[in-house]
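Please read the structure below before turning to the comments.
Keep in mind the model is a prediction, meaning the values are calculated, not measured.
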Amino acid sequence: MASLIASRPRPRPAHTQGATYCTYTPDGSKLVTVGSNNTIRVYKTGFDGEPDNIDDCEEQNIAVAASNDFFIAGNEDGTVALYKFENKMFDRFLLRTSLPVRDVAISPDSKWCAIASDELAVKLVNIEDSLELKTLKEHNKATKHLAFDPKGSLLALSCDDGIIYIYSLTAEHPELIKKVDGVIGREHTDSEACLKVAWHPDGRAFAVPTPLRDIQVVSKNDWEKQRVFANGHEGEITALAWSPNGVFLASAGKDKKILIWSTKDQSVVARYEYPNVMDIAWHPTQNLASFTTTNGEVFIAEDFVSEQFASMLKLPKQPAPFIHDPLNEVSANGRRPETNGHKPLAARPRRDSDAELEDLLDEDYGDLDDFVVDDDGAGYTLNAGRKRPADDDGIFGEHPAKRGGYFHAQHHEAFQPGSTPWRGNRKYLCLNLIGFVWTVDQDSHNTVTVEFYDHEYHRDFHFTDTFLYDKACLNENGTLFSCPPKDDTPAVVFYRPHETWTQRNDWRIQLPKGEAVLAMSLSDSFVTVTTTGNYVRIFTLFGVPYRVYRPKSTPMVTCASWRDYVLTMGNGPVGADGTSRLLYTIENIKRDEICQNEDTVALPPGASVKSVFFSDAGDPCIYDSTGTLLTLLHWRQPSRASWIPLLDTKLLPRLASGRKKETYYPIAVADNKFHCIILKGGDAYPYFPRPLLSEFDFSIPLSSLPTKKPKKATNNDDDDMDMDSASDSESAEPEPESRALEQNFLLKGIQASQLADLVDATTATTSQRASLARLELDIDKTLLQLLAIECREGEERGMRALEIVSLLRDRSGKMVEAAIKIAERYGQTVLSEKIREVGEGRDDDDDDF
């Protein structure tokens, strides 16, 4: 519902007709206006008389920014001048550009001034020392507007190409970190349309006008679109400003309207009729705002927000309008909701022993501060009136003995494998080799889409989601969804099979009230759900409850499943660094057998698991935050499991040059390859449009990235030095052929071990046994190739060659005979005799057995 200003402000003729701009000082004591004439006006807040005039200035000032002690004006002739409030006079020029200045901004600490002009670079000038200058030129476009974020660590440039460029100012040299495209339109730098970024006071997002005459909010975390202030203006937006606490947003347009929007629900709470408004400035503390017009007039509007909403300006700083606010997301470290009607036990406060002693002293013996006399000036009586000096009182605001200094363990956060967080109004619920599930927030409901890679067997489908599902699993049999609890509505688990011969083909189960889903998994046999109630709930594929148990390691982190096997992860005991150990359990649900019980997930210090899944062969795999893919060996045998690295993505050859900076989002392990999505530009998760899948061969980390050979220098001495260094590197590292064979030997050995475990633990098929025999044969062939390389190098490599022969797996003697022939081919007679002795020793061992 729109309202009117209590008393319509009168226009004050501040400047001649033309562009006019205004700004308040941070303390709100003064309002500065600049315009097309050669006068700058300074209005005192609360004083209705004539303003102070500064006549010592140029005409056509089209930009202004102020601190408490000075203000800076930018001129169309390219000059940027600094004026002092103390004497209300021109102080000095900060900078002169060759083309017209379009905007100026002062950093929150009042140390730097950013200057935008029609030049293709933005200048960052130190206000105290104008000779200290930084140039931002990576965007290479003329800049119409610029704005510092509230912390002063980022600078947003709105350029004439319709792109917002974000620079980071934390390093010594500013760095372009993001290009936000598709939000603002293309405009000439001298147009009246506003493209200015208006940072929300909480610093987590900014608002900016769009070509559709709406106002789009963009988050700083992922630079994605959030809420929209829509259907307000019928003409181009010319000005934009947040209230000091972020509860309102004021905008003006060519439709002769000034609108005040409610940040919480993006509705218009006030609508005023003022034509030709070019700039709006809120007072930092009062219900007061000022705006200027192209007629050179300034309006100072007291009671800018009507009495009905004025009390909202006294609220503390309000959050920016997100579609899904990260601050509202439930964390695995947070306090769990009450489950099944049981209230959590109250924590018993523990009193500090020193505090107890002080209480006794205060009660019975009084203050003994004057017991020590500082007669030698050594400082014994500093902090008089205190029982002891408190160095950290300035940080925490009170004495440490009076604080509740409780220890808080750092838990591993819960996550759903294959999903991404909200980014704007979209998120992936599931990504794997079968297909992908994604959802779009439509405010009142979501729309869920399920797409498959193989359209011969499955058809894509989508549906309107009123339950607001936030997790999903997908396999060849069906799709599993879950939604969080909300108000009195419990969490729901929903399964939809792809094919069925009955009329009712899906099922839905409600969890106990207050219990939310942390992670879930879907196999060919079971549905596994881990919850905030510290339960693992297992259902059959058509909703029959099969098992419910409480794991030992809590809070739960994630889960994965394959056929009858379920892997769960949870937080265990707290280590010396204050972080919980991550523990896992693998159980065969149908056989009721525990394969691994509360074993430790092998993670380096400070690392976390990014994804957990089973390979296509049914072996557990994890991908951690260091970019390493690991698989679990001998996991069907209790207490024998070990984590084996299959690939370290930091050592990929594509990163050897050092020019590429990319990370990898894990999808699956299949066909002895790592399937992933390549992420660039610092992204942590994939986004839309759907990226292509990439695959990498396994490569066990054995050595660092290959280094390039040094370039040859011009003089002979340098040539000799280069030859020496090259020969040293060649002797220190094995040849590429040998390294590839070593990799093949290790990888085939891991595959053989996992397949042998499968054959021993199950009723193996003929094809599985044949595959194991082929793997062992391939391992022996690889060893023979390594033997040939060693024999070729000469007799000095004989010990290594003989050791390779001892690793042969064949017991029939054929591989030993082949090894003898290889040694004889290269003239290694002594080695061939040694190999023959090894073969005879094997025969004796077999006979004894």
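In this structure, W438 has its ring center closer than 6.0 angstrom to the ring center of F688. Remark: aromatic rings of F696 and Y664 are close, center separation under 6.0 Å. Between Y665 and Y623, a ring centre-to-centre spacing not shorter than 6.0 Å is recorded. Between F206 and W199, the ring centre distance stays below 6.0 Å. Not less than 6.0 angstrom separates the ring centroid of Y457 from the ring centroid of H498. Here the two rings, on F481 and F463, have centers that are under 6.0 Å apart.
Taking every heavy atom of both residues into account, L154 and I177 meet most closely at CD2-CD1, 3.8 Å. Shown here for Q416 and C473, the closest heavy-atom pair between the two residues is NE2-SG, 3.4 Å. Residue L249 comes nearest to W242 through the heavy atom pair CD1-CD2, 3.7 Å, listed as atom of the first residue, atom of the second, then distance.
At distances below 3.5 Å, not a single donor-acceptor pair connects side-chain atoms of Q266 with backbone N or O atoms of W261. Looking at Y687, its side chain does come within 3.5 Å of a backbone N or O of R423 through a donor-acceptor pair. A donor-acceptor contact shorter than 3.5 Å is absent between the side chain of S521 and the backbone of C559.
Of the N and O atoms on the side chains of S580 and H411, at least one donor lies less than 3.5 Å from an acceptor on the other residue. Between the side chains of T631 and Q754, at least one donor N or O sits under 3.5 Å from an acceptor N or O. Between the side chains of S525 and S523, no donor-acceptor pair of N or O atoms lies under 3.5 Å. Defined by atom type and a distance below 3.5 Å, a donor-acceptor pair is missing between the side-chain atoms of T210 and Q216. T626 and D624 are linked by a side-chain donor-acceptor pair at a separation below 3.5 angstrom, with hydrogens and angles left out of the test.
Here the side chains of I589 and T528 are not in contact, with every heavy-atom distance at 4.5 Å or above. F539 has its side chain within reach of R537: a pair of non-hydrogen atoms, C-beta onward, lies under 4.5 Å apart. F452 places a side-chain heavy atom less than 4.5 Å from the side chain of L474. In this structure the side chain of T585 never reaches within 4.5 angstrom of the side chain of P551, judged on heavy atoms. L511 is not listed as a side-chain neighbour of P490, based on a closest heavy-atom distance of 4.5 Å or more.
Of the charged side-chain nitrogens involved, at least one lies within less than 4.0 Å of a carboxylate oxygen, so that D697 and K673 count as a salt-bridged pair. For the pair D214 and R227, the salt-bridge criterion is not met [side-chain N within less than 4.0 Å of a carboxylate O]. Salt bridge annotation for D149-K151: absent, with no cationic side-chain nitrogen under 4.0 angstrom from a carboxylate oxygen. Here K179 does not pair with D181 in a salt bridge; the nearest charged N to carboxylate O distance is not below 4.0 Å.
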Q743 and F698: CA distance, side-chain angles, deciding distance, side-chain contact (heavy atoms from CB on, under 4.5 Å) verdict: CA-CA 9 Å; Q743 279 283 348; F698 295 153; over 6 Å; no
Ring pair (Phe, Tyr, Trp, His ring centres under 6.0 Å) evaluation trace for H675 with F613: CA-CA 12 Å; H675 298 260; F613 45 84; over 10 Å; no
Verdict with supporting geometry, T449 and D460, side-chain contact (heavy atoms from CB on, under 4.5 Å): CA-CA 8 Å; T449 303; D460 300 342; 5.9 Å; no
D441 vs L468, side-chain contact (heavy atoms from CB on, under 4.5 Å): CA-CA, chis, key distance, verdict: CA-CA 8 Å; D441 190 317; L468 307 182; over 6 Å; no
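A ring-ring contact (aromatic ring centres under 6.0 Å, His included) with F526 is found for one member of Y565, W562, Y546 and no other, namely Y546. Across T558, D599, T568, a single residue satisfies side chain to side chain donor-acceptor pair (under 3.5 Å) together with Y584, and that is D599. Exactly one of L567, V566, I594 qualifies for a side chain to side chain contact (heavy atoms under 4.5 Å, CB included) with I586. That residue is L567.
Applying the 6.0 Å contact sphere to CZ of R563 captures no more than 12 heavy atoms from other residues, nucleotides or ligands.
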